[in-house]
Enquirer: 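A single structure is presented below for examination.
Remember, predicted model here, so these are calculated numbers, not experimental data.
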Amino acid sequence: MSPIANNERSPQAITYFVGQTMTGLLSWTGIPKADDSNPDPVKKIVLDAGVQVGEKKITTNVWVTGFALSEDFRGNFLEELGNLTPVDVFNGTTQSVLAVRYFSEPQKLASGHWSIDMVANLIVFQGSNQVGKAIAFNKTVFVRAIDTPSPPSNSSSIQRIAYSVRKAGLEIYKIQDLEIGK
């Protein structure tokens, strides 16, 4: 390990952050994670009711992951995800997963700013279709370094969620279609 400036990040950290964030934003399910500590077979599963964004809903996990987006980008992007999220996600009959096939090496744009290309498929599983429908999702993701202060001791649960997502010291501030053959 070697010291780096506070607005610099390693290529591995950038790639990991973008991968985790994009997967969290585009993998939708209304079914909660299994609780291994209390596997009660008669316990009724409570589906995710989602979070209202504009006229539509997104899953709670997408809402949480959304704190990795810059404030000027977050609202509009989450509304677009709400428009894309099938309503059947919230009754447990539709799920999606982002299957990333390739990340480019992060390209430095300026001090503390990078872009990274992602080639992926958004695979949507509806009803009994276990094969899924793949939708190409090829994007250039723009990332910048941010400060990561600690949450105040009297912070709310929402504040603690936001601070925990932002502790990576990076945020996505723009996503655009990947230009093939540039």
Enquirer: Taking C-beta and beyond as the side chain, do M118 and L98 meet within less than 4.5 Å on heavy atoms?
Expert: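 Yes, side chains in contact.
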
Enquirer: Taking all atoms of both residues into account, what is the closest heavy-atom pair of P106 and P11, and its distance?
Expert: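 Shortest heavy-atom separation between P106 and P11 comes out as CG-O, 3.8 Å.
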
Enquirer: Determine, step by step, whether T65 and T21 satisfy the side-chain contact (heavy atoms from CB on, under 4.5 Å) criterion, reporting the C-alpha distance in whole Å, the side-chain angles of both residues, the deciding distance to 0.1 Å, and the verdict.
Expert: CA-CA 6 Å; T65 305; T21 301; 4.0 Å; yes

Enquirer: Would a single hydrophobic cluster contain both I158 and V62, if residues Ile, Leu, Val, Met, Phe, Trp and Tyr are joined by side-chain heavy-atom contacts under 4.5 Å?
Expert: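 V62 clusters together with I158.
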
Enquirer: Could you list who else is in F125's hydrophobic cluster, with ILVMFWY side chains joined at under 4.5 Å, directly or through other members?
Expert: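 Reading the cluster by chain and number, F125 sits alongside V97, I123.
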
Enquirer: Report, as yes or no, whether the 6.0 Å neighbourhood of atom CZ on F77 holds more than 12 heavy atoms from other residues, nucleotides or ligands.
Expert: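 Count over threshold, so yes.
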
Enquirer: Does NZ or CZ of R144 come closer than 6.0 Å to the centre of the six-membered ring of Y173, within 45° of the ring's axis?
Expert: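 The answer is yes; both the distance and angle limits are met.
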
Enquirer: Decide if atom NZ of K108 counts as having more than 12 heavy atoms of other residues, nucleotides or ligands within a radius under 6.0 Å.
Expert: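 Enclosed.
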
Enquirer: Tell me every residue that passes salt bridge (charged side-chain N to carboxylate O under 4.0 Å, His left out) with D177, counting only those two or more places apart in sequence or in another chain.
Expert: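 K139.
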
Enquirer: Does the S164 side chain pair with the main chain of I161, one donor and one acceptor, at a distance under 3.5 Å?
Expert: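 Answer holds: yes.
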
Enquirer: Could you pull out all donor-acceptor pairs under 3.5 Å where a side-chain atom in residues 48-57 meets a protein atom, sequence neighbours excluded?
Expert:
{"unit_1": "D48", "atom_1": "OD1", "unit_2": "G50", "atom_2": "N", "d": "2.8"}
{"unit_1": "D48", "atom_1": "OD1", "unit_2": "T60", "atom_2": "OG1", "d": "2.7"}
{"unit_1": "D48", "atom_1": "OD2", "unit_2": "T60", "atom_2": "N", "d": "2.8"}
{"unit_1": "D48", "atom_1": "OD2", "unit_2": "T60", "atom_2": "OG1", "d": "3.4"}
{"unit_1": "Q52", "atom_1": "NE2", "unit_2": "G54", "atom_2": "O", "d": "3.3"}
{"unit_1": "Q52", "atom_1": "NE2", "unit_2": "E55", "atom_2": "O", "d": "3.3"}
{"unit_1": "Q52", "atom_1": "NE2", "unit_2": "K56", "atom_2": "O", "d": "3.2"}
{"unit_1": "K57", "atom_1": "NZ", "unit_2": "A49", "atom_2": "O", "d": "2.8"}

Enquirer: Rounded to the nearest 0.5 Å, what separates atom CG in L84 from atom CD1 in I58?
Expert: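 With rounding to 0.5 Å, CG (L84) is 11.5 Å from CD1 (I58).
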
Enquirer: Would you please test W114 and E8 for side-chain contact (heavy atoms from CB on, under 4.5 Å) and show each step?
Expert: CA-CA 10 Å; W114 303 267; E8 293 301 317; 3.8 Å; yes

Enquirer: If hydrophobic clusters are built by linking Ile, Leu, Val, Met, Phe, Trp and Tyr wherever their side-chain heavy atoms come under 4.5 Å apart, do V64 and I175 end up in the same one?
Expert: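 As far as the 4.5 Å side-chain criterion goes, I175 and V64 are connected within one cluster.
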
Enquirer: I'd like to know if the side chain of D72 pairs up with that of S70 as donor and acceptor (distance under 3.5 Å, no hydrogens or angles considered).
Expert: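 Their side chains do contain a donor-acceptor pair, which is all the 3.5 Å distance test asks for.
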
Enquirer: Indicate yes or no: at least one non-hydrogen side-chain atom of V119 is less than 4.5 angstrom from one of V100.
Expert: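 No, their side chains stay 4.5 Å or more apart.
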
Enquirer: Do I14 and F142 land in one hydrophobic cluster if side-chain heavy atoms of ILVMFWY residues count as linked below 4.5 Å?
Expert: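 Result: no, two separate clusters.
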
Enquirer: Check whether more than 12 heavy atoms from other residues, nucleotides or ligands sit under 6.0 Å from atom CG of N129, and answer yes or no.
Expert: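 Yes, CG of N129 has more than 12 neighbouring heavy atoms, counting only those of other groups under 6.0 Å.
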
Enquirer: Please tell me if the side chains of L47 and F90 come closer than 4.5 Å, counting only heavy atoms from C-beta onward.
Expert: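 Contact flag for L47/F90 side chains = no.
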
Enquirer: Do you reckon L109 sits in the same ILVMFWY cluster as F73, going by side-chain contacts under 4.5 Å, direct or chained?
Expert: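 Result: no, two separate clusters.
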
Enquirer: Quick check: do L81 and L25 have side-chain heavy atoms less than 4.5 Å from each other?
Expert: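 In contact.
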
Enquirer: First locate atom CH2 of W28, then atom OG1 of T85, and finally report the distance between them rounded to the nearest 0.5 Å.
Expert: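 Spacing of CH2 (W28) from OG1 (T85) equals 4.5 Å.
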
Enquirer: If I compare all heavy atoms of P151 with all of S155, which pair ends up nearest, and what's the gap?
Expert: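 Closest pair (atom of P151, atom of S155, distance): CB-OG, 3.9 Å.
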
Enquirer: Does one hydrophobic cluster hold both F103 and Y16, with members joined at side-chain heavy-atom distances below 4.5 Å?
Expert: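 In one cluster with F103: Y16, no.
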
Enquirer: Judged by atom type as modelled, is there a donor-acceptor pair below 3.5 Å linking the side chain of Q176 to the main-chain atoms of K174?
Expert: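 Answer holds: no.
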
Enquirer: Roughly how far, to the nearest 0.5 Å, is CG of L78 from CG of N83?
Expert: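 Between N83 CG and L78 CG, I get 11.0 Å after rounding to 0.5 Å.
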
Enquirer: To the nearest 0.5 Å, what is the distance between CD1 (I116) and CG (L178)?
Expert: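 Going from CD1 on I116 over to CG on L178, the span is 11.5 Å.
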
Enquirer: Between R9 and F17, is NZ or CZ placed under 6.0 angstrom from the six-membered ring centre and within 45° of the ring axis?
Expert: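 No, R9 does not lie over the aromatic ring of F17.
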
Enquirer: Just verifying a value: how many Å separate Q126 CD and T94 OG1, rounded to the nearest 0.5 Å?
Expert: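 Q126 CD to T94 OG1: 4.5 Å, rounded to 0.5 Å.
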
Enquirer: Going by heavy atoms in the side chains, are L170 and I146 under 4.5 Å from each other?
Expert: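 No; the side chains remain at least 4.5 Å from each other.
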
Enquirer: Report the C-alpha distance between R101 and N121 in whole Å, list the side-chain angles of each, state the deciding distance to 0.1 Å, and finish with yes or no for side-chain contact (heavy atoms from CB on, under 4.5 Å).
Expert: CA-CA 8 Å; R101 297 182 311 176; N121 286 318; 4.0 Å; yes

Enquirer: Would you check if the side chain of S104 reaches a backbone N or O of D117 as a donor-acceptor pair within less than 3.5 Å?
Expert: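 Between the backbone of D117 and the side chain of S104 there is a qualifying donor-acceptor contact (under 3.5 Å).
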
Enquirer: T140 and S115: which non-hydrogen atoms are nearest, and at how many Å?
Expert: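 Scanning both residues, the minimum pair turns out to be CG2-CB, 4.0 Å.
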
Enquirer: Would you compute the distance between atom CD1 of I172 and atom CZ of R74 and round it to the nearest 0.5 angstrom?
Expert: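 With rounding to 0.5 Å, CD1 (I172) is 13.0 Å from CZ (R74).
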
